[in-house]
Amino acid sequence: MRRAAASPSVPGRLNSAALAFSAATWLFAEPLYGRIVGQGVWVLLPLILVVQMIPALGFFVVDRTLARYDRPGRWLRAYRTMLMAAALMSLLRLIHLRHWPGMAEVSGAFTYGLILATAAACVGAGVLGYRFVQWSFIFLAPLLIFSTGQFVHENAARDAQARQARTAADAARPTTAPGPVFVIIFDELTRDVLVKNGEVDGARFPNFKALAARGAWFTDATSNYWLTCLSVPSLLTGRAVSLDAGGCAAGSDAMDDASLFGVLARRFRVSIYEEYLNNCLSPAFTCYGVSYLAARYPHVALINHLVPLAERPGLLSRAASGSRYHAYTLPLFRTFLNSIRRDDAAGRAYYYHALLPHFPYQFNADGTPHGSPYRSFTADGKTDALTWKNYEQQTMFVDRLLGNFLDRLRRERLLQRATIIVTSDHGPGNLEDVRDGRHPEELSPAAARVPLLIAGPGVRPQVVNVDYQHVDFLATVADVLGVGPPAGTQGVSAFAADRPVRPKVFFWRGGRYLFDRATGALRLSESDPAHHLWQLWGAR
């Protein structure tokens with residue numbers, strides 16, 4: 001076998017090429033291709049060149065060089081063993097993420113142990129079953145080539161369908177092009193951090209202050225859910241989210257026509273910037289989610305795939321824009337800003353969900369990493385006081401990004417005619433914890449209190465004190481835009497003259513909490529909620 005591997009014959013070269021292609025595919029390409037849907041050919045071809053063809057060529061050159069000069073074959077065998085072990089590790093990591101995604105969150109000693117055990121198993125397989133693994137790589141290469149071609153074909157077909165759907169949707173809309181609409185949702189931003197002496201603190205948050213001064217600032221806005229995957233579907237649909245399954249709401253809850261996107265699509269071309277979004281909600285929309293980001297920032301996706309740690313060494317951390325939680329945050333924000341152009345903004349609605357100031361609280365106010373260990377709340381009073389200071393710094397960075405957005409609107413001469421709606425999905429979590437199976441009797445209101453600012457033509461500057469809850473978001477946006485809310489919407493516009501009196505509800509870690517209207521405290525109502533919001537309020 002060594003002589004055959006070292007031979008410069010045509011079969012030897014073909015075997016080396018097949019082995020190199022399979023290894024490059026499983027090590028670099030497949031982790032990306034599995035996350036990309038509906039991207040055009042002119043995006044995919046450079047990606048395939050960079051993450052599949054060039055690495056395969058590099059592996060082939062090293063393999064043939066060793067085959068030529070290493071006559072005993074020891075170095076060639078060692079090289080192929082390490083290459084196949086690395087590819088198998090990447091493949092196992094891919095299987096792990098697809099079938100046990102919850103395990104992706106582990107870190108620390110357990111993660112290191114998991115990586116070492118996997119590496120040992122892969123190296124062992126390469127040593128003990130060297131010939132079997134090697135020939136498996138070689139014989140599977142033609143199938144992987146076919147699979148790559150199928151991947152390009154399916155994406156090109158989806159991209160063509162999406163273009164046709166957008167053209168048809170544009171033709172069906174009114175010919176008049178209203179000013180642009182911007183819906184911006186920050187993640188884990190509590191209103192409490194913005195406010196000082198009852199007003200937005202202009203010294204620390206000048207851009208939030210400026211936006212509040214030119215529009216409606218809501219002083220009693222609260223979320224209904226403590227998790228993004230529950231809160232955002234409720235925001236977008238104007239309906240309560242079922243907690244029966246005990247998990248997160250399905251993404252399909254936000255896809256139908258009776259959602260915020262359906263309302264916006266009646267009058268606007270819709271562009272969605274969402275780091276959580278795997279597939280575009282509708283071919284009629286332009287989506288900048290996981291597919292877009294993985295195709296255009298492959299190094300970030302590969303670092304997140306190959307180094308599954310919450311915190312990484314400095315070099316990898318900088319290459320991935322911080323920890324895995326903020327890997328795509330700044331690239332997505334730059335994409336969002338660069339897409340705002342005066343000649344294209346009329347008749348367009350932009351939805352942007354920013355994964356900030358969500359933990360880890362690692363950024364200073366200027367966006368540089370501070371290196372402090374206090375980067376998430378732990379329900380420990382002493383350390384959480386230091387964590388809050390880092391949370392404030394990261395929120396000041398959010399204010400800076402908001403300022404960049406407002407500056408972009410000024411440069412494009414869009415600020416005066418744009419409708420801007422800014423809120424948050426919920427406040428920071430883990431300020432308290434469930435201990436011994438018991439919920440705290442009172443919860444920090446910061447977890448539920450969120451900012452809500454609405455500015456634009458027809459919205460007069462005002463401070464609004466009505467009871468607003470996130471289930472009211474869809475109805476409020478529809479009201480501002482002058483369209484009726486979809487049938488089945490349970491929320492009521494915050495600008496409505498006749499608003500119902502309802503419990504102010506917040507679900508947190510399996511407990512239902514109600515706001516005490518007299519004191520503002522958030523008190524435990526039921527530890528294992530048997531009722532949903534629609535049962536408390538009555539279906540509308």
Side-chain angles (χ1 to χ4, degrees), residues 100-111 187-193 220-235 240-250 310 325 357-361 373-392 424-450 467 469-471 502-537:
W100 298 281
M103 291 295 291
E105 302 299 320
V106 300
S107 60
F110 182 79
T111 302
D187 203 310
E188 211 171 271
L189 174 59
T190 178
R191 186 176 73 253
D192 290 8
V193 73
D220 193 20
T222 56
S223 173
N224 295 119
Y225 300 96
W226 71 285
L227 281 176
T228 299
C229 54
L230 297 171
S231 182
V232 169
S234 179
L235 273 168
V241 173
S242 172
L243 300 175
D244 286 337
C248 284
Y325 288 102
H358 191 285
F359 82 92
Y361 312 125
Y374 305 107
R375 290 183 280 184
S376 62
F377 293 106
T378 62
D380 179 283
K382 293 181 179 180
T383 61
D384 282 357
L386 299 172
T387 302
W388 182 266
K389 294 184 180 298
N390 289 334
Y391 175 71
E392 286 182 327
S424 169
D425 53 358
H426 53 78
N430 292 342
L431 294 169
E432 291 88 1
D433 208 348
V434 178
R435 300 186 186 277
D436 300 323
R438 299 183 60 182
H439 287 75
E441 289 299 319
E442 286 194 17
L443 191 67
S444 170
R449 289 199 286 242
V450 294
D467 163 33
Q469 302 178 47
H470 262 350
V471 76
R502 310 161 298 180
K504 202 170 182 63
V505 187
F506 183 67
F507 289 100
W508 179 82
R509 292 177 177 258
R512 188 180 71 220
Y513 287 77
L514 300 178
F515 272 92
D516 186 322
R517 297 187 183 279
T519 65
L522 196 54
R523 302 186 188 280
L524 180 65
S525 171
E526 191 173 352
S527 294
D528 187 16
H531 303 288
H532 304 315
L533 298 181
W534 67 270
Q535 292 173 304
L536 291 171
W537 296 346

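- Applying the salt bridge (Lys or Arg N to Asp or Glu O under 4.0 Å) rule to D380 yields no partners; only residues at least two apart in sequence or on another chain are considered.
- In this structure, N224 contributes its side chain and V471 its backbone to a donor-acceptor pair below 3.5 Å.
- Of the possible polar contacts, one joining the S223 side chain to the D425 backbone as a donor-acceptor pair under 3.5 Å is found.
- Residues forming a ring-ring contact (aromatic ring centres under 6.0 Å, His included) with H426 (at least two apart in sequence, or on another chain): none.
- The side-chain hydrogen bond (donor to acceptor under 3.5 Å, both in side chains) test applied to S424 returns no partner, not counting sequence neighbours.
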Query raised in the report: Given the rule in the side-chain contact (heavy atoms from CB on, under 4.5 Å) test, do Y374 and K389 qualify, once you have shown the distances and angles that lead to the verdict?
Result: CA-CA 9 Å; Y374 305 107; K389 294 184 180 298; over 6 Å; no
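- Looking only at distances, a side-chain donor or acceptor of Y225 sits under 3.5 Å from a matching main-chain atom of V241.
- Of all non-hydrogen atoms in T387 and R375, the two that sit nearest each other are CG2-C, 4.3 Å.
- The closest donor-acceptor contact from the side chain of Q469 to the backbone of P503 lies under 3.5 Å.
- When every heavy atom of S231 is checked against every heavy atom of H470, the shortest pair comes out as OG-CD2, 3.7 Å.
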Can I get a per-line list of side-chain donor-acceptor pairs under 3.5 Å for residues 513-520, giving both atom names and the distance, sequence neighbours left out?
unit_1, atom_1, unit_2, atom_2, d
Y513, OH, P440, O, 2.7
D516, OD1, A518, N, 2.9
D516, OD1, T519, N, 3.3
D516, OD2, R523, NE, 3.4
R517, NH2, R502, O, 2.3
T519, OG1, A521, N, 3.2

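- Taking both residues in full, the closest heavy atoms of P357 and L189 are given as CD-CB, 3.7 Å, listed atom of the first, atom of the second, then distance.
- A 4.5 Å side-chain heavy-atom check between V193 and W388 finds at least one atom pair inside the cut-off.
- Applying the salt bridge (Lys or Arg N to Asp or Glu O under 4.0 Å) test to R449 and every residue at least two apart in sequence or in another chain returns D192.
- Within the 3.5 Å criterion, the main-chain N or O of F377 finds no donor-acceptor partner in the side chain of D384.
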Requested in this report: Kindly determine whether L443 and F506 satisfy side-chain contact (heavy atoms from CB on, under 4.5 Å), including the steps that lead there.
Outcome: CA-CA 10 Å; L443 191 67; F506 183 67; 3.7 Å; yes
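- Here the straight-line distance linking atom OG1 of T228 with atom CD of E188 works out to 7.5 Å at 0.5 Å rounding.
- Checked against side-chain hydrogen bond (donor to acceptor under 3.5 Å, both in side chains), N430 has the following partners two or more places apart in sequence or in another chain: R509.
- Between L522 and A448, the shortest heavy-atom contact is CD2-CB, 4.1 Å.
- Here the shortest heavy-atom pairing between P428 and Y361 reads CB-OH, 3.7 Å.
- When the salt bridge (Lys or Arg N to Asp or Glu O under 4.0 Å) test is applied to E392, the partners found at least two apart in sequence or on another chain are R204.
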